[in-house]
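Basis for what follows: all heavy atoms, side chains included, without hydrogens, waters or symmetry-related copies. Naming convention: chains lettered A, B, ... in sequence-line order (proteins, then strands); numbering from 1 in each chain.
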Amino acid sequence: MSDIRVRFAPSPTGALHLGGARTAIYNWLFARANEGQFLLRIEDTDTKRSKKEYIEQIYESLRWLGMSWDEEPVFQSQRMAAYQQAAQELLQSGSAYYCFCTSEELEARRKASGVYQYDRKCRSLSETEINTHLNVGKKAAIRCNVPAGTTEWSDCVYGKISVNNDEIDDFILLRSNGFPTYQFAVVVDDIFMRISHVIRGEDHISNTPKQILLYKAFGAGIPEFAHLPLLNGTDGKRLSKRHGATGVDEYRDQGYPAEAVFNYLAILGWVPKDGNEILKPAELVQRFLLADIARKSAVFDLKKFDWVSNEHIKRMENAEICRHILPILIDNHLISAEPDESGRQYILKFIDLMKSRFRNFRQFAELGSYFFKDPETYEDKAVRKNWKETEVNRRMAILLDKLQQLEEFSAVSIESTVRELADELDISAGKLIHPLRLAVSGYSVGPGIFELLEFLGKETVLRRIQAALQRLPVSE
RNA sequence: GGCGCCAUCGUCUAGUGGUUAGGACCCAGGAUUUUCAUUCCUGUAACCGGAGUUCGAUCCUCCGUGGCGCUACCA
């Protein structure tokens, strides 16, 4: 399997979105699984919509996902001469012809006839007619001279697809302003880059016959094609802003681990044969098979993505999680700067206690803030349920007193204190535990309470209970 | 309008000419005599419709229907 060369070819008209990232991932997976080259091409021939800053943004997202590319990226905007030359070549061989029809004329004729395809008016122009037009400086586009017959290929994902050439328009290769169209530039570049497998979105299936015709016109070898089903939103429509975050960078900013995004996108529409769904990039490479990709468009499901992300966080080394959350903790003013060794140990333990519950790194700062500062508010629902009356204050005051007298503030001693008091008061331990958790964390859920109290330390715990005693219950 | 692709639980999917149609996420219930946003267990839930082929179709064929895509001097 030598000489496998694939490319990811984004247009810099926006940040890298989920669908594009998925295409890139499959290309990358295929290249790495087959000892091939993964190349990049920037399709910036649409000068109106392309922006420089997006290029860097796309690079950044690819790097963040852990995909490195081989060779220097190819920029279409720098290959104008090549397109001109290639067009001339097709003109010479008769595979293309000049078209002097203007957009307005075309539209008028389309409207009048009701026929969508180009009427091929300029196909039969004589050489003298062409020269006359050219000599007066008339603007000309160059169109593909589509031959009769059928065009077919065997798609790595979809199988055999065949199209009657009657259905194919004499599409434009070079616009009258000299810029190539997508169809043309893609083929010229894929030949130039010696691409062996074209792996791209399913929206290009209909374009493929045109491109195959071009390969033939150039007398070039035709690559393998693999089309990927598209990504949809929950309503089955094409993924867009109204479905929420669609940019890879947005997920990074929300604190999701890169491996989780990579993993979920990879298994969306493709499940490894062994049923293992939580996999690192290298493990995905081992299992990846183009032919196994489903042919149905898939819906990005945030719930499942969250699950995947949580699974990755659970498996991650505490030290690695620490690296990721340190800047977030600082940002949220939970710690002031790089912690010293004891601070670091504290954070590591905090991670160990909490990581099984979180789906992204930000939650460590949000849902875990009470490890670093006293709660400022108390979860409404929990207050209503566990601390709705002053009777709770009476009990907690007693508990506070008992805890204060504790010499050894350990999980074990705390637990027995709480349980003994519950016995004395003739109530269930939960009646003390729930308010206790609320006072200390502000939440109704969290890790084991006794372990948590020991971890936070006596001073902090007592202070927080006192504060809660003052503030709860909240009157309406 | 034309052409193309697709169609199994809500979602991602496995699968077969005869299966109790399997798994994962979600959801629901239960257990862990402290919680759940941890952990474990259990459960609900699907073959788009109609013909045809066949002893038998979720599976094969055809026709519908629906979704998506392409149909630009966008990519």
Using a heavy-atom cut-off of under 4.0 Å over every strand shown, decide if [X] touches base, sugar-phosphate, or nothing.
X	value
A/His204	base
A/Tyr116	base
A/Thr45	sugar-phosphate
A/Gln117	nothing
A/Val163	nothing
A/Arg295	sugar-phosphate
A/Cys101	base
A/Phe300	nothing
A/Asp46	sugar-phosphate
A/Ala429	nothing

[atom1] atoms of [N] and [M], separation to the nearest Å:
N	M	atom1	answer
B/U58	B/A51	P	12 Å
B/A37	B/C5	C1'	41 Å
B/A7	B/A14	P	10 Å
B/C12	B/C68	P	14 Å
B/G69	B/G10	C1'	25 Å
B/C27	B/C70	P	35 Å
B/C60	B/C3	P	24 Å
B/G50	B/C55	C1'	22 Å

Query raised in the report: Does a side-chain heavy-atom distance below 4.5 Å link A/Pro229 with A/Arg22?
Result: yes
Report task. Please report the C-alpha distance between A/Tyr182 and A/Asn207 in whole Å, then the side-chain angles of each, then the deciding distance to 0.1 Å, and finally whether the side-chain hydrogen bond (donor to acceptor under 3.5 Å, both in side chains) criterion is met. Result -> CA-CA 10 Å; A/Tyr182 163 76; A/Asn207 294 323; 5.0 Å; no
Report task. Any chance you could list the contact pattern along nucleotides 36-43 of chain B? Use B for base contacts, S for sugar-phosphate-only contacts and - for none, protein heavy atoms under 4.0 Å, 5' to 3'. Result -> BBSS----
Can you figure out which of [options] approaches the side chain of [X] most closely?
X	options	result
A/Tyr182	B/C6, B/A75, B/U11	B/A75
A/Ile205	B/C5, B/U11, B/C73	B/C5
A/Asp301	B/A75, B/G10, B/U34	B/G10
A/Arg238	B/A75, B/U11, B/C70	B/C70
A/Lys303	B/C25, B/C73, B/A75	B/C25
A/Lys296	B/C5, B/C73, B/C12	B/C12
A/Ala298	B/U34, B/C73, B/C12	B/C12

Query raised in the report: Just how far, in rounded Å, is P of B/C5 from CZ of A/Arg200?
Result: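 Computing the A/Arg200:CZ to B/C5:P distance gives 16 Å.
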Requested in this report: Take atom CD of A/Glu202 and atom C1' of B/C68, then tell me their distance rounded to the nearest Å.
Outcome: 7 Å
**Report entry** A/Asp44 (side chain) donor-acceptor with A/Ser50 (main chain) under 3.5 angstrom
**Finding:**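 Absent.
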Report task. Using a cut-off of strictly less than 4.0 Å between a heavy atom of the residue and any atom of RNA chain B, enumerate the qualifying residues of residues 261-278 of chain A by number. Result ->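 Close to the strand are A/Ile267, A/Leu268, A/Gly269, A/Val271, A/Glu277.
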Query raised in the report: How close do A/Cys101 and A/Arg109 get, heavy atom to heavy atom, and via which atoms?
Result: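 A/Cys101 and A/Arg109 have their closest heavy atoms at SG-NH2, 2.9 Å.
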**Report entry** Nearest heavy-atom neighbours spanning A/Val392 and A/Asn386
**Finding:** CG2-O, 3.8 Å
Query raised in the report: With sequence neighbours excluded, what pairs up with A/Arg143 under the salt bridge (Lys or Arg N to Asp or Glu O under 4.0 Å) test?
Result: none
Report task. First locate atom CG of A/Asp190, then atom CD1 of A/Ile222, and finally report the distance between them rounded to the nearest 0.5 Å. Result ->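 Going from CG on A/Asp190 over to CD1 on A/Ile222, the span is 12.5 Å.
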Query raised in the report: Taking atom types as modelled, is there a side-chain donor on A/Asn232 or A/Ser297 under 3.5 Å from an acceptor on the other?
Result: yes
Requested in this report: Would you mind telling me which residue lines up with the more 5' stretch of RNA chain B, A/Arg419 or A/Trp307, judged by nearest nucleotide?
Outcome: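 Of the two residues, A/Trp307 wins.
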Requested in this report: Please step through ring pair (Phe, Tyr, Trp, His ring centres under 6.0 Å) for the pair A/Tyr83 and A/Phe179, ending with a clear verdict.
Outcome: CA-CA 8 Å; A/Tyr83 305 130; A/Phe179 277 72; 9.3 Å; no
